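Please read the structure below before turning to the comments.
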Amino acid sequence: MTYQTLIVETPSEGVTLIRLNRPEALNALNSQLLDELGQALDAAALDETVRCLVLTGSDRAFAAGADIKEMSDKSYADMMKLDFFTGAARKLEQFRKPVIAAVSGYALGGGCELAMMCDFIIASETAKFGQPEINLGVSPGIGGTQRLTRFVGKAKAMDMILTARMMDAAEAERAGLVSRVVPVDKLLETVLEAAGKIAGHSPLAVMMNKELVEAAYETTLTTGVALERRLFHSLFAFEDQKEGMAAFVEKRKPDFRGR
Ligand code: CAA
């Protein structure tokens with residue numbers, strides 16, 4: 001499948017790299033890009049050979065937000081009828097395989113929200129995160145007020161959302177928004193190495209681990225721990241558990257088949 005606003009590649013077995021590609025608009029998220037992202041996610045969900053996704057932009061911008069030029073003349077009714085953002089956002093939120101965001105440069109507004117919808121963010125030293133919608137007289141619209149607050153806490157979220165200040169990569173790492181910060185020329189290599197490791201694990205165990213960490217944001221501790229115990233037990237129903245433990249005992253590399 002070819003896209004106008006995305007470049008989709010398979011850099012190694014099991015790994016799909018989706019690169020946002022609207023350089024003229026710093027990868028601003030317009031409806032075409034969001035539609036194509038939805039299509040790419042659907043294709044990756046159905047393809048059993050895909051075990052991990054990487055979402056990235058350019059060195060200059062992961063994405064500078066929703067496309068302001070496309071939105072500027074829309075009415076409340078237009079936005080409501082179009083249900084702006086909901087389709088692609090829901091697909092990413094409900095995507096069952098892991099997705100890593102590789103962020104360099106600007107991740108602003110919808111760009112920051114898109115990165116936060118991924119399972120974790122690895123950033124380059126040049127990354128800048130922000131929710132500057134207040135400058136435009138609006139609010140974040142793809143989960144920014146909710147996810148940023150959960151990830152970095154109320155004080156920093158309020159500061160960023162109300163003043164529109166950007167957070168650099170070092171602060172984002174200290175605040176827990178990103179998992180690692182690496183030099184810009186090492187970003188893709190680092191992220192693809194992490195994605196390759198994930199792709200080599202049991203896809204069933206990966207899916208369940210992702211589901212369990214996500215549950216930590218949605219449930220009480222007691223319910224979350226009970227769910228973890230139940231899913232942990234259920235993993236013993238799969239051949240991959242037998243293979244993983246046998247490989248450890250036999251001092252060899254496991255061959256996970258997703259069964
Ligand atoms: N939408 C549309 N076009 C955008 C854009 C956006 N979000 N961000 C940048 N662009 C365009 C610029 O208009 C410019 O196009 P032209 O060359 O045709 O003028 C091009 O990308 C390059 O941008 P700049 O010349 O502005 O580059 P810069 O280096 O001087 O500044 C920047 C970079 C600080 C990121 C600045 O572009 C900027 O502030 N962008 C807007 C950021 C923003 O407000 N994002 C939130 C959008 S609203 C949103 O996302 C709502 C939501 O939650 C769903």
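The structure displayed is predicted, hence computed values, not measured ones. Position 1 is the first residue of the sequence, and the numbers go up from there. Both ligands and their constituent atoms are indexed starting at 1 by order of listing.
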Among all the protein's non-hydrogen atoms, which is closest to [atom], and how far away is it?
atom	result
atom 1 (N) of ligand 1	Ile68 N, 2.9 Å
atom 20 (C) of ligand 1	Glu24 O, 3.4 Å
atom 11 (C) of ligand 1	Ala25 CA, 3.9 Å
atom 36 (C) of ligand 1	Leu26 CD1, 4.7 Å
atom 15 (O) of ligand 1	Lys69 NZ, 3.3 Å

Exercise: do [X] and [Y] side chains pair donor with acceptor under 3.5 Å:
X	Y	answer
Ser31	Glu70	yes
Thr220	Thr222	no
Thr5	Glu36	yes

Any N/O pair [X]/ligand 1 closer than 3.5 Å:
X	answer
Ala64	yes
Arg60	yes
Phe85	no
Ser139	no
Leu108	no
Glu113	yes

Q | Result of checking Leu55, Ile121, Leu108 against Phe62 for side-chain contact (heavy atoms from CB on, under 4.5 Å) | A | Leu55

Taking 4.0 Å as the limit for heavy-atom contacts, which would you say applies to [X] with ligand 1: side chain only, backbone only, both, or neither?
X	result
Leu136	side chain
Ala28	side chain
Phe84	neither
Ala66	both

What atoms of ligand 1 come closer than 4.0 angstrom to any heavy atom of [X]?
X	result
Gly109	46 (C), 50 (O)
Pro140	53 (O)
Pro132	43 (C), 44 (O), 45 (N)

Q.
With a 4.0 Å cut-off on N to O distance, would you call Arg230 and Glu228 a salt bridge?
A. no

Q: Answer yes or no for Ile142: is there a heavy-atom contact with ligand 1 below 4.0 Å?
A: yes

Q.
Can you confirm if the aromatic rings of Phe151 and Tyr217 lie within a centre distance of less than 6.0 Å?
A. yes

Q.
If you compare all heavy atoms of Pro11 against all heavy atoms of Leu192, which two are closest, and at what distance to 0.1 Å?
A.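 Looking at all heavy atoms of both residues, the shortest contact is CG-CD2, 3.7 Å.
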
